[in-house]
Amino acid sequence: MNVAQIMQKRTALSFEVFPPRTDVGMERLCGKGGVMEKLYSLNPDYISCTYGAGGTNVGKNLEVMDKIAQDGKTVGITHFTCIGNTKDGIRRQLQTYLDHGINHMLALRGDLPHGWKGTGGDLHYATELVEFARKEFGDKFCIAVAGSPEGHIDCTSLEADIAFLKQKQDCGADFIMTQLCWDMDQFRRWLDAIRAAGITLPVDVGIMPILDQAATINMALSRNGCVMPRELCEIISRNWIFPNPFVKDPFDTEVEAKKAAFREAGMEYTVKQIGQYLQCGVNGIHLYALNKFEEVNFIAREAGLLATV
Ligand code: FAD
């Protein structure tokens with residue numbers, strides 16, 4: 001059974017990791033007794049691994065995917081983007097994944113590197129990548145695509161964005177992984193709107209654990225323009241690190257205490273939000289694990305996710 005088929009039957013649980021830049025980070029993630037092996041103990045339906053813009057970390061991505069494939073404890077899903085990739089290059093890389101036993105992918109346009117106006121490759125949108133993968137490889141891949149409940153930052157309207165999502169379904173996508181969205185009212189509106197538009201694909205919700213002030217603000221605002229609800233803003237304000245959470249040497253005397261309090265309140269907020277998503281009847285919870293185990297373990301347990309698999 002592929003991951004999309006599992007989601008047709010029950011709520012799936014999954015994690016997302018990223019390829020570490022250093023050997024030490026790689027050992028911590030993929031080494032014996034490392035984060036990956038601890039994540040397996042939570043019985044995820046899959047673990048996905050990000051793919052860097054411009055193909056900068058392709059080698060490390062494949063190393064992580066190889067680890068998952070060789071361990072055989074869960075399904076591995078590789079993210080894959082159009083950035084800087086020719087059709088020949090895409091064909092070659094996708095064949096390599098298949099040769100390594102990896103037959104699930106998240107087909108993305110990709111984040112445009114700073115200053116770029118387009119993908120710099122032969123394909124320009126995720127729809128084209130899904131179409132190309134289907135033409136070249138038939139049903140060999142189970143293909144996920146991204147969905148943006150608040151509308152992608154570049155879209156001309158939410159309706160247009162949903163119409164492109166419908167095109168991804170028509171091109172052969174199997175399920176949707178969503179961009180982070182803390183605005184539950186907007187998420188419910190979007191879910192109703194995609195169903196009304198004829199999109200029947202399972203929806204796997206991307207959840208970023210709230211653990212660090214700077215990272216939370218960064219994720220919301222550096223690319224995605226996400227709404228931050230009042231409750232989340234209050235958690236940030238109450239634990240604000242002065243002069244701001246981005247400086248290397250803050251003059252605040254309570255940095256460590258504030259970091260810990262933020263992390264605790266953020267995890268509680270994340271657990272509560274997962275409950276609200278489950279009430280919407282979503283098909284999967286996809287936790288951005290950020291290459292951490294303790295926090296993800298706590299959140300998954302408290303949210304009752306370990307009972308769903
Ligand atoms: P698309 O679906 O192609 O959409 C991009 C924009 O173009 C949207 O505004 C859309 O409305 C518009 N559009 C779509 N099709 C057309 C068309 N035919 N004509 C005109 N306009 C169109 N990025 C990475 O680089 N690496 C990763 O590993 C990665 N992982 C991610 C994981 C998840 C779960 C998610 C949700 C996102 C991830 N991203 C990653 C980010 C993603 O690449 C960006 O959000 C990117 O800006 C858009 O990708 P997309 O696949 O949604 O693009």
Side-chain angles (χ1 to χ4, degrees), residues 3 12 14-20 46-58 60-62 64-65 76-85 93 97 104-114 116-133 143-173 175-182 187 190 193-194 197 199 201-208 218-226 282-291:
V3 164
S14 61
F15 304 120
E16 179 172 315
V17 298
F18 59 86
Y46 73 86
I47 295 179
S48 77
C49 180
T50 60
Y51 178 99
T56 46
N57 66 352
V58 174
K60 298 278 184 201
N61 160 288
L62 192 56
V64 175
M65 295 310 303
I77 300 191
T78 185
H79 298 202
F80 192 80
T81 78
C82 305
I83 306 294
N85 276 327
Q93 289 177 72
Y97 285 119
H104 282 64
M105 67 183 280
L106 169 62
L108 299 157
R109 180 196 71 180
D111 280 327
L112 302 185
H114 188 66
W116 288 35
K117 296 275 177 256
T119 62
D122 288 345
L123 307 180
H124 309 97
Y125 296 106
T127 42
E128 296 172 21
L129 181 55
V130 177
E131 203 172 21
F132 183 76
I143 303 180
V145 287
S148 301
E150 295 179 69
H152 183 265
I153 189 85
D154 299 335
C155 71
T156 48
S157 68
L158 188 59
E159 290 70 27
D161 207 40
I162 290 173
F164 292 129
L165 187 58
K166 171 75 165 52
Q167 282 183 18
K168 295 185 196 181
Q169 172 175 287
D170 296 343
C171 289
F175 72 98
I176 298 166
M177 278 195 217
T178 67
Q179 187 55 268
L180 70 93
C181 172
W182 291 302
F187 182 81
W190 174 81
I194 66 164
I199 299 171
L201 297 178
V203 171
D204 194 10
V205 177
I207 310 260
M208 193 186 84
N218 212 2
M219 271 301 275
L221 302 182
S222 68
R223 285 186 183 273
N224 302 315
C226 289
V282 298
N283 307 93
I285 297 290
H286 179 60
L287 274 173
Y288 304 156
L290 309 167
N291 295 7

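Start at 1 with the first residue, then count along the sequence. In listed order, ligands and their atoms are each counted from 1. Side-chain atoms are counted along with the backbone in the values below, which use heavy atoms only and exclude waters and symmetry mates.
Nearest heavy atom pair, residue F187 against residue C181, reads CB-SG, 4.1 Å. Closest approach of D204 to G284, counting heavy atoms only: OD1-C, 2.9 Å. The two atoms that bring P19 and K60 nearest to each other are CB-CB, 3.5 Å, heavy atoms only. Between V205 and V282, the shortest heavy-atom distance links the atoms CG2-CG1, 3.4 Å. Closest of all the heavy-atom pairs between L106 and M177 is CD2-SD, 3.9 Å.
Polar contact check, D161 against ligand 1: a nitrogen or oxygen pair lies under 3.5 Å apart. An N or O contact shorter than 3.5 Å is missing between F164 and ligand 1 by distance. For ligand 1, the polar-atom distance check against M177 finds no nitrogen or oxygen pair separated by under 3.5 Å. Considering backbone and side-chain atoms together, D111 places an N or O closer than 3.5 Å to an N or O of ligand 1. Of the N or O atoms in N224, none lie within a sub-3.5 Å distance of an N or O in ligand 1. Ligand 1 has a nitrogen or oxygen under 3.5 angstrom from a nitrogen or oxygen of H152. Here's the thing with A126: one of its N/O atoms is less than 3.5 angstrom from an N/O atom of ligand 1. In terms of N/O distances under 3.5 Å, ligand 1 is not approached by Y288. Geometrically, ligand 1 and K168 share a nitrogen or oxygen pair separated by less than 3.5 Å.
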For a quick test of your reading: what N or O donor-acceptor pairs under 3.5 Å do the side chains of residues 153-161 make, sequence neighbours left out?
unit_1: D154; atom_1: OD2; unit_2: R109; atom_2: NH1; d: 3.4
unit_1: S157; atom_1: OG; unit_2: A160; atom_2: N; d: 3.0
unit_1: D161; atom_1: OD2; unit_2: H152; atom_2: N; d: 3.0

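Assignment of T178 to the shell around ligand 1 is supported, since a heavy atom sits closer than 4.0 Å.
A donor-acceptor contact shorter than 3.5 Å is absent between the side chain of N291 and the backbone of V17. For N61 (side chain) and T50 (main-chain N/O), a donor-acceptor pair under 3.5 Å exists by modelled atom type. T178 places a side-chain N or O within 3.5 Å of a backbone atom of G206 that can act as its donor or acceptor partner.
Applying the ring pair (Phe, Tyr, Trp, His ring centres under 6.0 Å) criterion to Y288, with sequence neighbours excluded, gives H286.
Atoms of ligand 1 lying under 4.0 Å from any heavy atom of T81, numbered from 1 in the order shown and given with element: 24 (C), 25 (O), 26 (N). Atoms of ligand 1 found under 4.0 Å from any heavy atom of C155, numbered from 1 in the order shown, are 9 (O), 11 (O). Listed by number with element, the atoms of ligand 1 under 4.0 Å from a non-hydrogen atom of T50 are 28 (O). Shown in contact with A146 at under 4.0 Å from a heavy atom are these atoms of ligand 1, numbered in order with element: 36 (C), 52 (O).
For atom 39 (N) of ligand 1, the nearest non-hydrogen atom from the set T127, L108, V205 belongs to L108.
Only side-chain heavy atoms of H79 come within less than 4.0 Å of ligand 1; its backbone N, CA, C and O stay farther off.
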